[in-house]
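What follows is one structure encoded as structure tokens, with my remarks underneath.
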Amino acid sequence: MTRPATGDPQPLDEAFYARPADVVAPDLLGKVVLAKDPATGAFRGGRIVEVEAYVGAEDLACHASKGLTRRTSTLFGPPGHAYVYLIYGMYRLFNVVCQPVGVAHAVLVRGVEPLGPEASERVGAPLLEPPSGARGDGPGRLTRALGIDLTHDKDPLYGPRLYLVDGPPPGEVAVTPRVGVAYAGSWADAPLRYLDAASPHVSRPPPSQVGSGRRRE
DNA sequence: TTATCGATGGTA
DNA sequence: ACCATCGATAAA
């Protein structure tokens with residue numbers, strides 16, 4: 001007696017996002033991102049398995065530390081909206097804006113497990129088959145897989161194009177420093193990256209695995 | 001397997 | 001000039 005898969009998905013509410021990014025981030029693991037495909041009206045979906053928290057103007061790795069500009073205005077805006085920007089000229093990175101207006105926190109989504117039509121009912125929306133070869137591990141890859149681009153910047157996560165819906169949390173969460181922020185001084189080492197420890201769809205596995213174990217296929 | 005390197009474009 | 005990346009290539 002779940003919802004029909006053809007209705008509008010039921011998004012997380014604003015109160016969920018109006019908290020510090022390092023609190024929202026682990027709570028985001030297991031939740032599902034839905035992006036409407038303009039051609040079909042159906043959705044592409046991914047279950048979040050890896051995130052990083054960027055905790056405001058003091059955080060030298062956070063774009064908000066550059067102050068309020070046209071680009072960062074999204075970060076200073078209302079919670080529960082998407083912050084999408086281009087990096088290295090070719091990748092779009094998808095972030096979730098946190099905290100009330102004026103406080104610029106965000107969570108970067110770094111890994112999702114792509115979902116197909118079989119998850120439609122669970123998610124409350126019709127899902128497309130992920131394009132073959134589509135991967136959700138890596139912040140640049142997942143936006144490609146979901147079809148998220150710069151036009152999604154400032155879009156609400158309550159629809160009509162982007163939705164974030166509930167899902168079961170992972171069994172075990174691993175915490176590490178953030179990736180690629182060596183320039184950020186003391187903030188470089190802050191433990192602000194959170195992963196579903198059991199997921200194979202993570203951009204880079206957490207360090208302290210027992211042995212030097214490589215997973216085989 | 002790890003290491004290195006270049007593509008590519010918005011922002012400042 | 002900078003950069004929250006990726007994928008191809010080379011070395012081993």
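Residue numbering restarts at 1 for every chain, and letters A, B, ... go by the order of the sequence lines.
- The distance between atom OH of Y54(A) and atom P of dC3(C), rounded to the nearest whole Å, is 13 Å.
- The phosphate of dT5(C) has neither OP1 nor OP2 within less than 4.0 Å of any side-chain N or O from R92(A).
- Taking a 6.0 Å sphere around NZ of K154(A), one finds it holds more than 12 heavy atoms contributed by other residues, nucleotides or ligands.
- Ion pair D149(A)/R92(A) not flagged as a salt bridge, since none of the NZ, NE, NH1 or NH2 atoms sits closer than 4.0 Å to an Asp/Glu carboxylate oxygen.
- Tested against E52(A) for a side-chain contact (heavy atoms from CB on, under 4.5 Å), the candidates V179(A), V107(A), L192(A), D22(A) yield a single pass: V179(A).
- Protein atom OH of Y83(A) is 9 Å distant from nucleotide atom P of dT11(B), rounded to whole Å.
- Residue L150(A) contributes atom CG, which lies 8 Å from atom P of dG10(B) at whole-angstrom precision.
- Among the heavy atoms of the strands lying under 4.0 Å from I87(A) is at least one base atom, whether or not backbone atoms are also near.
- Rounded to whole Å, atom P of dG9(B) lies 12 Å from atom OH of Y91(A).
- Contact annotation: R70(A) side-chain N/O to dA12(B) OP1/OP2 distance is not under 4.0 Å.
- To the nearest angstrom, P of dC2(C) lies 17 Å from OH of Y85(A).
- When distances run from any side-chain atom of R144(A) to the nucleotides dG10(B), dG7(C), dA12(B), the shortest one goes to dG7(C).
- OP1 or OP2 of dT5(C) lies within a sub-4.0 Å distance of a side-chain N or O belonging to Y88(A).
- No engagement by R178(A) is indicated, since no non-hydrogen atom pair under 4.0 Å with the nucleic acid exists.
- Judged by the 6.0 Å and 45° rule, R71(A) forms a cation-pi pair with Y85(A).
- Atom CG of L60(A) is separated from atom P of dC2(C) by 17 Å (rounded to the nearest Å).
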